[in-house]
Student: 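Sharing a structure with you now.
In each ligand, atom 1 is the first atom listed, and ligand 1 is the first ligand listed.
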Amino acid sequence: MAGLPEVLDLDEIGPDLFRSGPVPSEWARTFGGQIAAQSLMSAARTLDRSYSAHSLHGYFLRPGRPHEPTDHLVERLRDGGSFRTRRVTAVQEAIFTVTVSFHRGDEGFSHQVDMPAVPAPDDIPESDRINGWGMPRPAEWRHWEMRWVTGDETGHVPGSPARQRVWIRYGHPLPDDGAVHACALTYLSDMALLGSARLPHPPTAVQGASLDHSLWFLRPFRADEWLLYDQVSPSAEHGRALTRGRLFDTGGRLVSAVAQEGLMRFDRPRPTEDGDGEASLSPPAPAVPDPR
Ligand SMILES: CCCCCCCCCCCCCCCC(=O)SCCNC(=O)CCNC(=O)[C@H](O)C(C)(C)COP(=O)(O)OP(=O)(O)OC[C@H]1O[C@@H](n2cnc3c(N)ncnc32)[C@H](O)[C@@H]1OP(=O)(O)O
């Protein structure tokens, strides 16, 4: 299964045009974090490394087909002195569009919220589950180490908080390139977030997908070292759930913030060719409550 360096290894096939290869997946649609990470890398390759991404805002327009290549078209919206802005469209058909802003960094005030008090990752066992969804991680995520903060991983308890916290890191050393770590964080930021909205609800089958994604890079970090991903869902209504996340390093430094709205609508049976009404285009959904 392709690791992150292969996922981010893009061919430059034209001016400001980059192609990512197929990444085999057991899911019917391409993982959103992967598309966003590849689009971010495409944008970063049109800049020198004195600029680093400080935020991105994107929409997932259509499902991607994981077994086909994707082209990432970069538009240079503005080259300022301190800030530079790129828009990237990921195309099979247009499946994702994102605006990324880069900054050289300036001197200014400093403050941050405190990290929640949680057990250290070494005191928590590794888990192969996707919290809230009652299913194992897909093979393409197995390069990542994930440790759910004890007590957050039960799920499907009506009335329980729409909140989960997980320690996460890439399980192999990554190069000393800030752009690679930003892309890695972009990838992981979409891995578990929507699950925070799933937790308080019964294990009814739902269609789930990331609809939009906003990310801020606040302080330097490494994605091959432990990051605490603290996630909440303030609202779910009309088949959409709003989620927010904060990422801290082990020193308690707030390194990133995330916001996402996700599709979370009740899955309705779709007619099959023989009309028995059992098929669904949705990816595998939990049929039974998570046994934990
Ligand atoms: C790879 C990740 C998978 C994640 C599965 C979650 C599993 C557990 C994962 C854990 C957590 C992971 C988290 C990863 C998160 C991402 O990575 S998700 C991947 C990235 N995001 C995406 O791919 C979303 C891309 N965007 C879209 O697909 C489209 O914009 C949307 C959201 C479907 C809306 O487009 P639309 O044209 O307005 O769609 P709409 O007409 O509402 O419906 C589309 C089809 O669904 C049918 N439909 C409508 N309502 C329903 C319903 N309630 N029930 C059933 N079918 C319905 C329609 O009839 C239509 O069918 P067709 O006519 O195509 O046959």
Student: Is the closest heavy-atom distance from Thr30 to ligand 1 below 4.0 Å?
Tutor: yes
Student: Testing Arg45, Arg49, Arg222 for salt bridge (Lys or Arg N to Asp or Glu O under 4.0 Å) with Asp177, which one passes?
Tutor: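 Result for salt bridge (Lys or Arg N to Asp or Glu O under 4.0 Å) with Asp177: Arg49.
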Student: Checking contacts here: is it the side chain or the backbone of Arg29 that comes within 4.0 Å of ligand 1, counting heavy atoms only? Could be both or neither.
Tutor: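 Contact part for Arg29 vs ligand 1: both backbone and side chain.
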Student: So if I count the atoms of ligand 1 from 1 in the order they appear, which ones are less than 4.0 Å from some heavy atom of Gly208?
Tutor: 4 (C), 5 (C), 6 (C)
Student: Just which atoms of ligand 1 are under 4.0 Å from any heavy atom in Gly32?
Tutor: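 The list of qualifying atoms is 16 (C), 17 (O), 19 (C), 20 (C).
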Student: Testing Trp144, Trp141, Phe96 one by one against Phe31 for a ring-ring contact (aromatic ring centres under 6.0 Å, His included), which residue passes?
Tutor: Trp141
Student: Show me which atoms of ligand 1 lie under 4.0 Å from any heavy atom of Trp141.
Tutor: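 Ligand 1 atoms under the 4.0 Å threshold to Trp141: 12 (C).
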Student: Nearest heavy atom to atom 16 (C) of ligand 1: which of Ser210, Pro138, Pro66 does it belong to?
Tutor: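 Residue with the shortest heavy-atom distance to the ligand atom: Ser210.
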Student: Has Gln231 got a side-chain atom pairing as donor or acceptor with Thr243's backbone, closer than 3.5 angstrom?
Tutor: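 Between the backbone of Thr243 and the side chain of Gln231 there is no qualifying donor-acceptor contact (under 3.5 Å).
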Student: Is it the case that atom CG in Asp114 sees more than 12 heavy atoms from other parts of the structure closer than 6.0 Å?
Tutor: no
Student: Any atoms of ligand 1 less than 4.0 Å from a non-hydrogen atom of Pro63? List them with their elements.
Tutor: 23 (O), 25 (C), 27 (C), 28 (O)
Student: So, 4.0 Å and heavy atoms of Leu194: is ligand 1 close enough to count as a contact?
Tutor: no
Student: For Ile130, counting its heavy atoms only, list the atoms of ligand 1 lying under 4.0 Å from any of them.
Tutor: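 So the answer, numbered in order with elements, is 10 (C).
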Student: Which is it for Asp190 and ligand 1 at heavy atoms under 4.0 Å: side chain, backbone, both or neither?
Tutor: both
Student: Is Arg86 paired with Asp79 through a side-chain N to carboxylate O contact shorter than 4.0 Å?
Tutor: yes
Student: May I ask whether Tyr59 has any heavy atom positioned less than 4.0 angstrom from an atom of ligand 1?
Tutor: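 Per 4.0 Å heavy-atom rule, Tyr59 does not contact ligand 1.
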Student: For ligand 1, which atoms, with element, lie under 4.0 Å from some heavy atom of Asp267?
Tutor: 54 (N), 55 (C)
Student: Using a strict cut-off of less than 4.0 Å between a Lys/Arg side-chain nitrogen and an Asp/Glu carboxylate oxygen, indicate whether Asp224 and Arg169 qualify as a salt bridge.
Tutor: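 Not counted as a salt bridge, because no side-chain N and carboxylate O are separated by less than 4.0 Å.
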Student: Could you name the option among Arg268, Arg62, Arg265 that has the heavy atom nearest to atom 44 (C) of ligand 1?
Tutor: Arg265
Student: Strictly by modelled atom types, are Arg76 and Thr46 linked by a side-chain donor-acceptor pair under 3.5 Å?
Tutor: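 Arg76 vs Thr46: no donor-acceptor pair found between side chains.
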Student: Using a strict cut-off of 4.0 Å, indicate which atoms of ligand 1 neighbour a heavy atom of Leu211.
Tutor: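 Matching atoms, with element in brackets: 32 (C).
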Student: Check whether any N or O atom of Leu61, backbone or side chain, sits under 3.5 Å from an N or O atom of ligand 1, and answer yes or no.
Tutor: yes
Student: Once you restrict to heavy atoms under 4.0 Å, what part of Phe31 touches ligand 1? Side chain, backbone, both or neither.
Tutor: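 For Phe31, the contact with ligand 1 is made by both the backbone and the side chain.
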Student: Would the distance check show the side chain of His143 and the main-chain N or O of Ala2 forming a donor-acceptor pair, the cut-off being under 3.5 Å?
Tutor: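 Present.
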Student: Do side-chain atoms of Asp128 reach the backbone of Pro136 as a donor and acceptor pair under 3.5 angstrom?
Tutor: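 No; judged by distance alone, with no hydrogens or angles, the pair does not exist.
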Student: Would you give me the side-chain donor-acceptor pairs under 3.5 Å for residues 97-104, sequence neighbours excluded?
Tutor:
| residue | atom | partner | partner atom | Å |
| --- | --- | --- | --- | --- |
| Ser101 | OG | His54 | NE2 | 2.7 |
| His103 | NE2 | Gly105 | N | 3.4 |
| His103 | NE2 | Asp106 | OD2 | 2.8 |
| Arg104 | NE | Ser50 | OG | 3.4 |
| Arg104 | NH1 | Tyr51 | OH | 3.2 |
| Arg104 | NH2 | Ser50 | OG | 3.4 |

Student: State the atoms of ligand 1, each with its element, that fall below the 4.0 Å cut-off from a heavy-atom position in Phe266.
Tutor: 52 (C), 53 (N), 54 (N)
Student: Counting distance only, does the side-chain N/O of Gln112 pair as donor-acceptor with the main-chain N or O of Gly252 below 3.5 Å?
Tutor: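 Such a contact is found between Gln112 side chain and Gly252 backbone.
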